[in-house]
Structure formats: C-alpha cells, structure tokens
Amino acid sequence: MRRAAAAFAISLPIFGGPHARPPPSRAPSHAPEHVAPPLPMLPSVARVRVEAARDRVVVVEEVSLPRGEWQSGGLDLYVAFGAPGTPIAVDARLVALAPGALESRPDDPGDAVLVEPAVRHTPSSRLLLGRPTMAGVVLHVRDSELRHAYALSDAAALRIRSLLSPPAADAQGAHDLVVRLGIIGGLPLTLGRIQIVSSEPQPWITRAEATLCGPEAERRPLSLTLLPKPAAPVAPGTVPAIAPPMAVRHASDDLCVRWWAPT
C-alpha cells in the first residue's frame with residue numbers, strides 16, 4: 001500500500017488521511033453564488049480501468065473532452081466518490097489525445113490538475129461524475145492546460161486515478177466496487193471500455209463481471225477485458241454480455257464491478 005500511495009506523485013490525501021486537511025471554511029455571505037455555465041463540449045467516459053491487488057485498488061477513469069465550443073477559460077469539474085469507501089488519494093491529469101485516438105497513451109503523463117476535496121457539488125462547478133449530493137473532489141483544469149492539450153489535438157483526456165483500500169470479499173469470495181459514471185445536463189454520458197487488471201506479480205483474478213447498477217438500471221452483463229487472462233477459461237454466463245456503449249443508461253446508473261480472487 002505504501003508503494004501504491006507513493007506512486008501518486010501529484011495526489012490529494014482525502015478527508016480521513018493522516019495529513020488530510022478539511023475543505024477551507026467560508027464565512028457566511030449573502031452575495032449570490034457564482035453559477036458555472038454549461039460545459040462547452042460533450043464528454044464521454046472512454047475507459048474505466050480497475051487495477052486490483054491484495055492490499056490496494058486503483059480505479060482509473062478516463063473522460064474524453066473534445067474541444068467542442070471551448071475557446072478559453074478553465075473548467076471546474078465535480079467528481080463524486082464511488083464505493084465502498086472514500087479514496088486514500090486522488091490524482092488527475094489532462095492528456096492530449098493523438099489525432100483520431102479515443103484514449104490516451106498509458107506512458108503519456110499529461111499535465112497535473114489541481115484537486116480540491118468537497119463535501120458536495122456546488123453550482124460554481126460543473127457536475128461531471130456521480131450525483132450532486134455525494135462527497136467528492138473538484139478538479140480545477142486551468143486555461144493554460146486546456147490550451148496546451150488542444151494545441152496538439154482537438155480532443156483531450158482527463159485521467160482520474162483513485163487509490164482505495166481493497167474491498168472485503170463476500171461469502172462467495174467476490175470483491176465489489178462501485179464506479180460513478182458521467183452526467184451532463186441530467187443525461188448519461190457514453191461509457192466505453194472496461195478493464196479489470198490483476199496487479200499481483202502472478203495472475204490473481206480468476207473471474208470478473210461488470211453491470212450497470214441503480215434503481216433504474218438494466219442489470220445485463222457488460223463486456224470487459226480481464227488482464228492478464230486467467231489460466232483456466234471462464235465459462236460464459238447465461239446472458240450474453242453487451243458492449244458498454246450499446247447498453248441503455250439512465251442518469252441514476254453507476255457501474256458495479258465484481259471480481260473473484262483466492263484469499
């Protein structure tokens with residue numbers, strides 16, 4: 001866990017961490033709060049990647065930000081925490097996409113984005129992932145970072161990494177995780193690829209599943225990639241998996257990921 005935490009070179013200890021600081025208090029004010037305008041582009045969740053080990057889990061969400069109608073100015077984006085618990089640390093980076101690419105290159109570090117903890121969404125930021133009543137972080141993407149990214153391409157990727165304590169296994173030996181998905185103007189964003197990765201030296205995860213979850217969700221299995229592939233083939237489920245972009249999504253849907261691994 002210590003090595004994983006150290007890997008977050010530009011990271012934010014969240015509320016419960018040993019060096020965490022609460023959000024700055026603000027004096028009461030009768031002045032109207034600044035309301036952020038709508039996003040000048042239509043994002044999409046290009047990739048969700050869950051890197052699981054015995055002592056840690058890293059969730060990577062990559063949100064595509066096409067240039068759209070953006071001309072200038074920074075973006076304050078609200079990202080709610082998933083489940084089962086508050087992350088130990090959060091790291092965000094803005095990466096320019098190669099022309100025609102749908103995802104960033106894994107070896108491209110991008111530009112570090114300022115991360116600020118928040119107890120809930122406020123009108124001064126744009127809601128990106130999760131719902132407004134959930135605790136999370138505000139990502140302050142600066143104008144200079146956007147200009148640098150869009151100078152190289154007409155699309156950028158916001159790569160958000162969350163370091164978590166591993167969820168306990170249930171009676172069937174499964175570990176469960178909830179990842180928040182994107183909402184813009186009350187409408188769900190397109191969900192792209194799902195990857196589940198074993199971070200142990202030897203292949204460790206034997207099986208993995210992903211579904212949409214929520215009060216209106218269609219619990220049909222979503223196709224995913226499990227890396228590295230398990231030694232024994234996984235028996236197909238009774239219901240065929242559907243590609244995530246083809247799944248019917250609702251604004252209240254989250255992504256529920258489950259994996260099985262020996263203790």
**Request:** For the residue pair Arg131 and Arg180, establish whether any side-chain heavy-atom pair is separated by less than 4.5 Å.
**Result:** yes
**Item:** Over all atoms of both residues, closest heavy-atom pair of Leu94 and Val113
**Value:** N-CG2, 3.7 Å
**Prompt:** If you round to the nearest 0.5 Å, how far is CG of Asp170 from CZ of Arg258?
**Reply:** 5.0 Å
**Request:** Find out if a path of hydrophobic residues (ILVMFWY) with successive side-chain heavy-atom gaps under 4.5 Å connects Leu212 to Met134.
**Result:** no
**Request:** Answer whether the closest heavy-atom distance between the side chains of Pro37 and Arg126 falls below 4.5 Å.
**Result:** yes
**Fill in**
Going by chain and number, the hydrophobic cluster around Leu127 (ILVMFWY, side chain to side chain under 4.5 Å) further includes Tyr78, Val138
**Asked** In Å, rounded to the nearest 0.5 Å, how long is the span from OG1 of Thr225 to CD1 of Ile194?
**Response** 9.0 Å
**Request:** Kindly compute the distance separating CG (Leu139) from CG (Leu114), expressed to the nearest 0.5 Å.
**Result:** 9.0 Å
**Item:** Short side-chain to backbone donor-acceptor contact, Arg219 and Cys213, under 3.5 Å
**Value:** no
**Message:** Is any side-chain heavy atom of Pro188 closer than 4.5 Å to one of Leu181?
**Reply:** no
**Message:** By the definition side-chain contact (heavy atoms from CB on, under 4.5 Å), identify the one residue from Val45, Asp76, Ile184, Leu75 that meets it with Leu128.
**Reply:** Ile184
**Prompt:** So how far is it from Asp108 CG to Leu152 CG, rounded to the nearest 0.5 Å?
**Reply:** 9.0 Å
**Message:** Once ring-ring contact (aromatic ring centres under 6.0 Å, His included) is applied, what residue pairs with a partner in residues 154-173 remain, sequence neighbours excluded?
**Reply:** none
**Prompt:** Quick check: does any side chain N or O of Glu62 sit under 3.5 Å from a backbone N or O of Ser104, one acting as donor and the other as acceptor?
**Reply:** yes
**Asked** Given side chains that start at C-beta, do those of Ser124 and Val35 come closer than 4.5 Å, heavy atoms only?
**Response** no
**Message:** For Arg54, is there any backbone N or O sitting under 3.5 Å from a side-chain donor or acceptor partner on Glu200?
**Reply:** yes
**Message:** Donor-acceptor check, side chain of Ser153 to backbone of Ala96, threshold 3.5 angstrom: yes or no?
**Reply:** no
**Request:** Pick out which of Thr86, Leu129, Val178 makes a side-chain contact (heavy atoms from CB on, under 4.5 Å) with Phe81.
**Result:** Thr86
**Request:** Please answer: with hydrophobic residues joined when any side-chain heavy atoms are less than 4.5 Å apart, are Val257 and Leu226 in the same cluster?
**Result:** yes
**Message:** Show me the pairs that pass ring-ring contact (aromatic ring centres under 6.0 Å, His included) and involve residues 242-263, at least two apart or across chains.
**Reply:** His175-Trp259
**Asked** CG of Leu39: more than 12 outside heavy atoms within 6.0 angstrom?
**Response** yes
**Asked** According to a 4.5 Å side-chain heavy-atom criterion applied to Ile, Leu, Val, Met, Phe, Trp and Tyr, with indirect links allowed, do Leu222 and Val248 form part of one hydrophobic cluster?
**Response** no
**Message:** Per the ring-ring contact (aromatic ring centres under 6.0 Å, His included) rule, what does the pair list look like for residues 202-225, sequence neighbours excluded?
**Reply:** none
**Sequence neighbours excluded, every pair satisfying ring-ring contact (aromatic ring centres under 6.0 Å, His included) that has a member inside residues 131-162** = Trp70-Tyr150
**Request:** Please answer: with hydrophobic residues joined when any side-chain heavy atoms are less than 4.5 Å apart, are Val63 and Val95 in the same cluster?
**Result:** no
**Message:** A side-chain contact here means heavy atoms from C-beta on lying under 4.5 Å apart; do Asp143 and Ser72 qualify?
**Reply:** yes
**Message:** Please give me the minimum heavy-atom distance between Thr211 and Pro221, naming the atom from each residue.
**Reply:** CG2-CA, 4.0 Å
**Request:** Sequence neighbours left out, what pairs pass disulfide (SG to SG under 2.5 Å) with at least one residue falling in residues 50-160?
**Result:** none
**Complete:** Of all heavy-atom pairs linking Gly186 and Ala251, the shortest is O-CB, 3.3 Å
**Prompt:** For the atom pair CG (Leu255) and CG (Leu224), what is the distance rounded to the nearest 0.5 Å?
**Reply:** 9.0 Å
**Message:** Pairing donors with acceptors under 3.5 angstrom, does anything connect the side chains of Ser199 and Glu51?
**Reply:** no
**Message:** I need the Arg49 CZ to Leu227 CG distance, nearest 0.5 Å.
**Reply:** 6.5 Å
**Message:** Tell me whether Arg249 contacts the main-chain N or O of Leu189 through its side chain, where contact means a donor paired with an acceptor under 3.5 Å.
**Reply:** yes
**Asked** Taking C-beta and beyond as the side chain, do Asp176 and Cys256 meet within less than 4.5 Å on heavy atoms?
**Response** no
**Message:** Working note: Val90 + Ile160, criterion side-chain contact (heavy atoms from CB on, under 4.5 Å); need CA distance, chi angles, decisive distance, verdict.
**Reply:** CA-CA 7 Å; Val90 175; Ile160 308 160; 4.3 Å; yes
**Asked** So do the side chains of Val50 and Val57 get within less than 4.5 Å of each other, counting heavy atoms only?
**Response** yes
**Item:** Distance-minimising heavy-atom pair for Pro244 and Gly192
**Value:** CB-O, 3.0 Å
